[in-house]
Student: 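Let me give you the structure first, and then I'll get to my questions.
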There are 2 protein chains.
Amino acid sequence: METQLSPGDLDPPIRIAVIDDHPLLRDGIVAVLGTQPDLELVGTGEDGEAAVRIYREQRPDVMLLDLQMPNVDGVEAMTRILAEFPEARILVLTTYSGDGRATQAIKAGASGYLLKNSLRTELLDAIRSIHRGGTHFDRQVFGAADREAKRLTARESDVLELAAAGNSNKQIAARLSLSEDTVKGYMKAIFARLGAMDRTHAVAIAVRNGLIEL
Amino acid sequence: METQLSPGDLDPPIRIAVIDDHPLLRDGIVAVLGTQPDLELVGTGEDGEAAVRIYREQRPDVMLLDLQMPNVDGVEAMTRILAEFPEARILVLTTYSGDGRATQAIKAGASGYLLKNSLRTELLDAIRSIHRGGTHFDRQVFGAADREAKRLTARESDVLELAAAGNSNKQIAARLSLSEDTVKGYMKAIFARLGAMDRTHAVAIAVRNGLIEL
DNA sequence: GAACAATCCCCTCTTTCGGGGGGAATTGCC
DNA sequence: GGCAATTCCCCCCGAAAGAGGGGATTGTTC
């Protein structure tokens, strides 16, 4: 591949890796990328481990990374990659507009955030924007602006998960070896964080935001 | 080795329509179909209305249909199509292995059920199997076997959704113009159906089984 | 027309929840 | 060092929830 040939449109292609655990969706993205002459696919994978390995081997210009994956998840993989390659440019993909991990992903250093139900033009815009050194954060994900607060501490998650399983505060206290009052304290903190009316509402919000496992 | 007319294939291609609200996934499926000479794409759409319209216009041999879609959802679209074309062969796609609508879809007359994280070979097998008049039901979707019982009536869903939104029984009663006691009666029925300990547990179970919208 | 599911209503009783206060130890970070 | 966040604990109290009964009315299905 020659160098000095052209300005503008004959730049070297943007090298891209795609990590997602859904084969069909992965193929869809690959198909979209294939229609663009300025984009080159250099690797695909289906979990966080593959993401790290592929990044090391290929050093893609942009990595598309799903958040919800088996084994090593997206946030973890991204953290590892950025620790090793701080210049890495990662575009995070997710299914839910209210995914609680969005904030984590941003803090971990993602260059962009895109919903999976985006149009192909949005995907392409996001890739090129990020490659140019910009960012691309889907409005739907952060439009609400109150997403920041929707995060739970490990202990709060424990409490809320047990509540979701049908335990009373007393039972939760017994299970976690706490006093019932302490559990109540956590519940109060959870309501405040999530803006929930009661424990039932809190579980609904937490599930919608991917904060607890059912 | 070949018969008379067509330069290549013996049988006419299987005509397929793809309905899914995620453009990227849709493109992925289309891309997979494009690699198979015996399959022909005759239409795509992103909601239940489009599904019905495309079925009427194209009469595809097999329709791939997502369950969770805006406006008219998958089950509703399928019901309408099958009412008009009882011979229609529909392969239902879904994201979650525990989707409660799976049962509804089967009852409504789906010819097959497939998880979105299937491999492309599974998708192709399912399409061909269904076209031959067979069925294809992903084991992961129906493994649990106790899904049957996990169903709510329309009114129960209304009540539980309002509960999930943080409403008290009194508030739910006001919203639905019922007495508080009636709402309590529904809650009792919901607990019994779902095997839930309390309203919080019920919401968690209902969400996991795709019985309510958050 | 009997059986059934779904829908709706009413009562009492005890437990639980959640709001309102408060404090205190530990950690990490600037 | 200071300071914020996290984790943990305690009090009171009114309102809500849930368990236990009891019904009635529609439909549909067999």
Side-chain angles (χ1 to χ4, degrees), chain A residues 79 83 100 103-104 107-109 146-206 211-212, chain B residues 79 83 100 103-104 107-108 147-206 211-212:
Chain A
T79 305
T103 312
Q104 291 177 255
K107 286 193 180 146
D146 57 346
R147 307 255 179 250
E148 279 297 330
K150 301 240 160 75
R151 229 187 82 250
L152 296 178
T153 68
R155 207 56 164 161
E156 285 165 353
S157 293
D158 293 343
V159 169
L160 193 55
E161 278 179 23
L162 286 169
N167 294 284
S168 67
N169 289 337
K170 192 181 288 185
Q171 290 171 320
I172 295 169
R175 196 78 79 82
L176 297 178
S177 301
L178 304 174
S179 84
E180 190 183 343
D181 281 313
T182 299
V183 173
K184 285 188 179 183
Y186 281 123
M187 289 304 292
K188 281 192 277 193
I190 291 167
F191 300 154
R193 270 184 205 275
L194 302 183
M197 305 297 296
D198 53 38
R199 55 175 52 217
T200 305
H201 194 195
V203 165
I205 292 171
L211 300 176
I212 59 173
Chain B
T79 305
T103 313
Q104 290 178 254
K107 285 188 181 151
R147 310 247 179 257
E148 279 299 328
K150 302 231 163 43
R151 230 187 81 252
L152 296 178
T153 69
R155 209 54 167 162
E156 286 165 354
S157 294
D158 293 341
V159 170
L160 193 55
E161 279 179 23
L162 286 169
N167 294 284
S168 68
N169 289 339
K170 190 179 288 185
Q171 290 171 319
I172 294 169
R175 196 77 79 83
L176 298 178
S177 300
L178 303 174
S179 83
E180 190 183 342
D181 281 312
T182 300
V183 173
K184 284 189 180 185
Y186 281 122
M187 290 303 296
K188 281 193 276 194
I190 290 167
F191 300 156
R193 270 185 204 276
L194 302 183
M197 304 297 294
D198 53 37
R199 54 174 53 215
T200 305
H201 194 195
V203 164
I205 292 171
L211 301 176
I212 59 173

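Hydrogens, waters and symmetry mates are skipped; everything else that's a heavy atom, side chains included, is used.
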Student: Do B:R155 and B:L178 have side-chain heavy atoms sitting under 4.5 Å apart?
Tutor: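 In contact.
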Student: What is the separation between atom CE on A:M197 and atom P on D:dA17, rounded to the nearest whole Å?
Tutor: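 Taking CE of A:M197 and P of D:dA17, I get 11 Å after rounding.
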Student: In whole Å, I'd like the distance from the CG atom of A:N169 to the P atom of D:dC8.
Tutor: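 For the pair A:N169 CG and D:dC8 P, the rounded distance is 15 Å.
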Student: Nearest heavy atom decides the nucleotide; on that basis, is B:E156 or B:D198 closer to the 5' end of DNA chain C?
Tutor: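 Counting from the 5' end, the first nearest nucleotide belongs to B:E156.
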Student: Give the first and the last nucleotide of DNA chain C, reading 5' to 3', that has any atom under 4.0 Å from a heavy atom of chain A.
Tutor: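 Using the under 4.0 Å cut-off, the span is C:dT16 to C:dG21.
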Student: Can you check whether B:D158's main-chain N or O pairs, donor with acceptor, with B:E161's side chain at less than 3.5 Å?
Tutor: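 Judged by distance alone, no pair lies under 3.5 Å.
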Student: Find which nucleotide of DNA chain C each of B:S177 and A:A196 is nearest to by heavy atoms, and output the residue with the more 5' nucleotide.
Tutor: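 In this pair, the answer is B:S177.
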Student: Do A:R193 and A:L152 make a side-chain contact, defined as non-hydrogen atoms from C-beta onward lying under 4.5 Å apart?
Tutor: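 Touching, per the 4.5 Å side-chain cut-off.
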Student: Are B:K184 and B:D181 close enough for a salt bridge, meaning some N to O gap below 4.0 Å?
Tutor: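 Looking at B:D181 together with B:K184, the answer is no, because their closest N to O distance does not fall below 4.0 Å.
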Student: Check the distance between D:dC9's C1' and A:R155's CZ and give it to me in whole angstrom.
Tutor: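 The distance from CZ of A:R155 to C1' of D:dC9 comes to 13 Å, rounded to the nearest Å.
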Student: Check whether any side-chain N or O of A:T153 sits under 4.0 Å from OP1 or OP2 of D:dT7, and answer yes or no.
Tutor: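 Looking at the OP1 and OP2 atoms of D:dT7, one of them is under 4.0 Å from a side-chain N or O of A:T153.
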Student: Expressed in angstrom and rounded to an integer, what is the separation of B:N167 atom CG from D:dA16 atom C1'?
Tutor: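 These atoms are roughly 13 Å apart.
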Student: OP1 or OP2 of D:dT6 sitting under 4.0 Å from any side-chain N/O of A:R193?
Tutor: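 Checking D:dT6 against A:R193, a side-chain N or O does come within under 4.0 Å of OP1 or OP2.
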Student: Do the side chains of A:I172 and A:R175 get nearer than 4.5 Å, heavy atoms only?
Tutor: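 Contact flag for A:R175/A:I172 side chains = no.
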Student: From B:Y186 OH over to B:L176 CG, what is the distance, rounded to the nearest 0.5 angstrom?
Tutor: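 Here the rounded value is 9.0 Å.
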Student: Find out whether A:L160 and A:L194 are in side-chain contact, i.e. whether some heavy atom of one side chain is under 4.5 Å from a heavy atom of the other.
Tutor: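 Yes, side chains in contact.
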Student: Using a 3.5 Å distance criterion without hydrogens, assess whether the side chain of A:N169 forms a donor-acceptor pair with backbone atoms of A:V183.
Tutor: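 No: the side chain of A:N169 does not pair with the backbone of A:V183.
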Student: Does any residue of residues 181-191 of chain B have a heavy atom under 4.0 Å from DNA chain C, and if so, which ones, in number order?
Tutor: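 Close to the strand are B:D181, B:T182, B:Y186.
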Student: For B:E180 and D:dA15, give me the distance from atom CD to atom C1', rounded to whole Å.
Tutor: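 Rounding to the nearest Å, CD of B:E180 and C1' of D:dA15 are 10 Å apart.
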Student: Using side-chain heavy atoms (C-beta onward) and a distance below 4.5 Å, is B:V159 in contact with B:E156?
Tutor: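 B:V159 does not reach B:E156 side chain to side chain.
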